[in-house]
Chemist: 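I have a structure I would like to understand better, so I am pasting it below and will then ask my questions one at a time.
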Amino acid sequence: MAQDNSPNKTITMNQRRSRTKFTEDQLKILIKAFHQNPYPGYATKQRLALEINTDESRIQIWFQNRRARHQCQKKSEPDEDLESSQDQDHSEEEIQSREDRRCHTSYTSSQLHTLIEAFMNNPYPGIDTREQLAKEIGIPESRVQIWFQSRRSRFHVQRKREPDDQDSEQRQDQEQDL
DNA sequence: GCTAATCTTATCAACAACCTGTTGATAAGCCCATTAGC
């Protein structure tokens, strides 16, 4: 999706998380797991994270990127290599057999207060800010990142709707005047 | 150039209050999302 060029974006760019460098052994394990199931549930991601000694959120991102690359590959070279042919059958059955999601995180009012305040200050916090917030409210950084994503999304939807709401209000006023 | 990190948007699903709205989690991205570190 197109991203805007707001000043906030610059803040994000400067504070990216440092790139994770997976070893060959780690990649072997991840690729094998991907062949078995490109949509692993939370339990599998946690197990993988433990196995290759990394964070579960990095496993999630790796699978997201892998799926994206894989989609491109499948389109450009259908029924080509072993990898593609092995993954041809993923689809409906696979979606049906998807593993459980992560448990719903519940935030306390004080945690939410801290997050909202931070959001108003900067809706695009970099890794340092997110980690600081995570530490402050005692929630994993990955959850803080997801919270900001959802918050921005709803904020954008709300802002898109606002002009419509104003229009309809104006129309109602005009109707009442008549 | 490859790919991890990040973004927006749409949708699913858990939860609080009791049928529906709110919001966290996840998936897709088609001029094959964009950005940026190695």
Side-chain angles (χ1 to χ4, degrees), chain A residues 1-24 26-31 33-34 37-46 48-49 52-78 80 83-84 87 90-92 94-109 111-116 118-119 122-131 133-134 137-161 165:
Chain A
M1 292 294 138
Q3 293 175 29
D4 68 24
N5 295 316
S6 63
N8 287 329
K9 191 72 61 181
T10 316
I11 293 167
T12 310
M13 306 305 177
N14 292 337
Q15 295 187 339
R16 279 190 162 215
R17 180 198 305 272
S18 56
R19 275 175 78 97
T20 305
K21 177 72 185 152
F22 293 110
T23 64
E24 266 186 48
Q26 286 175 319
L27 281 174
K28 266 184 201 168
I29 292 168
L30 288 171
I31 290 165
F34 184 84
N37 181 11
Y39 296 90
Y42 180 56
T44 304
K45 281 183 279 191
Q46 270 214 315
L48 283 167
I52 68 170
N53 191 31
T54 190
D55 196 82
E56 181 268 333
S57 64
R58 296 311 89 204
I59 304 285
Q60 175 151 8
I61 295 297
W62 185 87
F63 270 86
Q64 274 177 14
N65 284 322
R66 183 82 185 178
R67 283 196 299 268
R69 282 199 302 277
H70 206 251
Q71 290 298 333
C72 293
Q73 214 175 15
K74 270 209 277 191
K75 295 244 160 76
S76 59
E77 34 185 86
E80 274 284 317
E83 204 174 296
S84 318
D87 290 333
H90 297 309
S91 55
E92 285 160 43
E94 192 168 80
I95 287 161
Q96 278 178 355
S97 65
R98 267 182 203 173
E99 298 169 18
D100 287 344
R101 291 179 162 208
R102 174 198 298 271
C103 292
H104 201 83
T105 306
S106 298
Y107 297 98
T108 65
S109 53
Q111 284 172 329
L112 278 175
H113 182 260
T114 306
L115 288 168
I116 290 165
F119 182 86
N122 177 15
Y124 295 91
I127 181 67
D128 291 345
T129 310
R130 291 200 308 268
E131 278 182 339
L133 276 168
I137 64 175
I139 292 267
E141 180 274 329
S142 63
R143 295 310 88 201
V144 173
Q145 185 165 25
I146 293 298
W147 185 89
F148 271 85
Q149 266 179 25
S150 294
R151 189 83 185 179
R152 281 197 303 268
S153 171
R154 262 120 213 176
F155 189 70
H156 287 145
V157 170
Q158 198 187 342
R159 281 186 66 176
K160 272 187 195 167
R161 244 190 255 152
D165 291 349

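Letters A, B, ... mirror the listed sequences (proteins, then strands); counts begin at 1. Keep in mind that what you see is a predicted model, and the values were worked out from it rather than measured.
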Chemist: Does a side-chain heavy-atom distance below 4.5 Å link A:Ile31 with A:Trp62?
Modeler: yes
Chemist: Rounded to whole angstrom, note down the P distance from B:dC18 over to B:dT23.
Modeler: 16 Å
Chemist: At what distance, to the nearest 0.5 angstrom, does CD of A:Glu141 lie from CZ of A:Arg143?
Modeler: 9.0 Å
Chemist: Does OP1 or OP2 of B:dA28 have a side-chain N or O of A:Gln64 closer than 4.0 Å?
Modeler: no
Chemist: Please determine whether a side-chain nitrogen or oxygen atom of A:Arg58 lies at a distance below 4.0 Å from atom OP1 or OP2 of B:dA4.
Modeler: no
Chemist: Does A:Gln149 reach a base, just sugar-phosphate, or nothing at all? Heavy atoms under 4.0 Å.
Modeler: base
Chemist: Both distances below 3.5 Å, Watson-Crick or wobble geometry, any strand: find the nucleotide opposite B:dA17.
Modeler: none
Chemist: To the nearest angstrom, how far is A:Gln111 atom CD from B:dT23 atom P?
Modeler: 15 Å
Chemist: Of A:Glu56 and A:Phe22, whose closest DNA chain B nucleotide lies nearer the 5' terminus?
Modeler: A:Phe22
Chemist: Taking C-beta and beyond as the side chain, do A:Ile116 and A:Arg151 meet within less than 4.5 Å on heavy atoms?
Modeler: yes
Chemist: On a whole-Å scale, what distance lies between the P atoms belonging to B:dC2 and B:dG21?
Modeler: 48 Å
Chemist: Return the OG1 to CG distance between A:Thr54 and A:Leu30, rounded to the nearest 0.5 Å.
Modeler: 8.5 Å
Chemist: Pick base, sugar-phosphate or nothing for A:Tyr107, based on heavy-atom distances below 4.0 Å to the nucleic acid.
Modeler: sugar-phosphate
Chemist: On the nucleotide B:dA28, are OP1 or OP2 found under 4.0 Å from the side-chain N or O atoms that A:Arg67 carries?
Modeler: yes
Chemist: Determine the interatomic distance between P on B:dC30 and the same-named atom on B:dT11; round to the nearest Å.
Modeler: 14 Å
Chemist: Tell me whether the OP1 or OP2 atom of B:dC2 has a side-chain N or O from A:Arg69 closer than 4.0 Å.
Modeler: no
Chemist: Determine the Euclidean distance between corresponding C1' atoms of B:dC19 and B:dA25; express it in Å to zero decimal places.
Modeler: 23 Å
Chemist: Below the 4.0 Å mark, does B:dT26 have OP1 or OP2 next to a side-chain nitrogen or oxygen of A:Gln60?
Modeler: yes
Chemist: Please confirm whether the shortest side-chain N or O distance from A:Arg152 to OP1 or OP2 of B:dC7 is below 4.0 Å.
Modeler: yes
Chemist: For nucleotides 10-19 of chain B, just jot down a letter per nucleotide in 5' to 3' order: B, S or -, based on protein non-hydrogen atoms under 4.0 Å.
Modeler: -BBSB-----
Chemist: Between A:Phe34 (CZ) and B:dA4 (C1'), how many Å, whole number?
Modeler: 15 Å
Chemist: Out of curiosity, A:Thr23 OG1 to A:Ile52 CD1, how far, rounded to the nearest 0.5 Å?
Modeler: 7.5 Å
Chemist: Tell me the interatomic distance from A:Asn65, atom CG, to B:dT26, atom C1', rounded to whole angstroms.
Modeler: 14 Å
Chemist: Taking the side chain as everything from C-beta on, heavy atoms only, tell me whether A:Phe63 gets closer than 4.5 Å to A:Thr44.
Modeler: no
Chemist: Can you tell me whether the side chain of A:Arg17 and the base of B:dT6 have a donor-acceptor pair closer than 3.5 Å?
Modeler: no
Chemist: Nearest to the side chain of A:Arg143, which nucleotide is it out of B:dA25, B:dA36, B:dT8?
Modeler: B:dA25
Chemist: Considering only the C1' atoms, how many Å lie between B:dC32 and B:dT3, rounded to the nearest integer?
Modeler: 15 Å
Chemist: Hey, can you tell me if A:Phe119 and A:Phe148 have their rings parallel, tilted or perpendicular (30° and 60° cut-offs)?
Modeler: tilted
Chemist: Whole angstrom is fine here: how far is it from CD1 in A:Ile61 over to P in B:dA25?
Modeler: 13 Å
Chemist: Using the C1' atom as the point on both nucleotides, what is the distance between B:dC7 and B:dA33, in whole Å?
Modeler: 8 Å
Chemist: Any side-chain N or O of A:Tyr124 less than 4.0 Å from the OP1 or OP2 oxygen of B:dA5?
Modeler: no
Chemist: Just how far, in rounded Å, is P of B:dC2 from CZ of A:Arg19?
Modeler: 12 Å
Chemist: Using atom CH2 of A:Trp62 as one end and atom P of B:dA27 as the other, report the distance to the nearest whole Å.
Modeler: 14 Å
Chemist: So, do A:Glu99 and A:Asn37 sit near enough that their side-chain heavy atoms are less than 4.5 Å apart?
Modeler: yes
Chemist: Of A:Ile146 and A:Lys21, whose nearest nucleotide on DNA chain B comes first from the 5' end?
Modeler: A:Lys21
Chemist: Any side-chain N or O of A:Thr105 under 4.0 Å from OP1/OP2 of B:dA25?
Modeler: yes
Chemist: With distance as the sole criterion, do the side chain of A:Arg151 and the base of B:dT23 form a donor-acceptor contact below 3.5 Å?
Modeler: no
Chemist: How close or far is atom C1' of B:dA4 from atom CD1 of A:Ile52, stated in whole angstroms?
Modeler: 13 Å
Chemist: On a whole-Å scale, what distance lies between the C1' atoms belonging to B:dT6 and B:dA13?
Modeler: 24 Å
Chemist: For A:Arg66 and B:dC32, what is the distance between atoms CZ and P respectively, to the nearest whole Å?
Modeler: 20 Å
Chemist: When the P atoms of B:dT8 and B:dT35 are compared, how many Å lie between them, rounded to an integer?
Modeler: 12 Å
Chemist: How many angstroms lie between atom OG1 of A:Thr108 and atom NE2 of A:His113, to the nearest 0.5 angstrom?
Modeler: 11.5 Å
Chemist: Is the closest side-chain heavy-atom distance between A:Gln145 and A:Arg17 below 4.5 Å?
Modeler: yes
Chemist: Under 4.0 Å between a side-chain N or O of A:Arg130 and OP1 or OP2 of B:dT6?
Modeler: yes
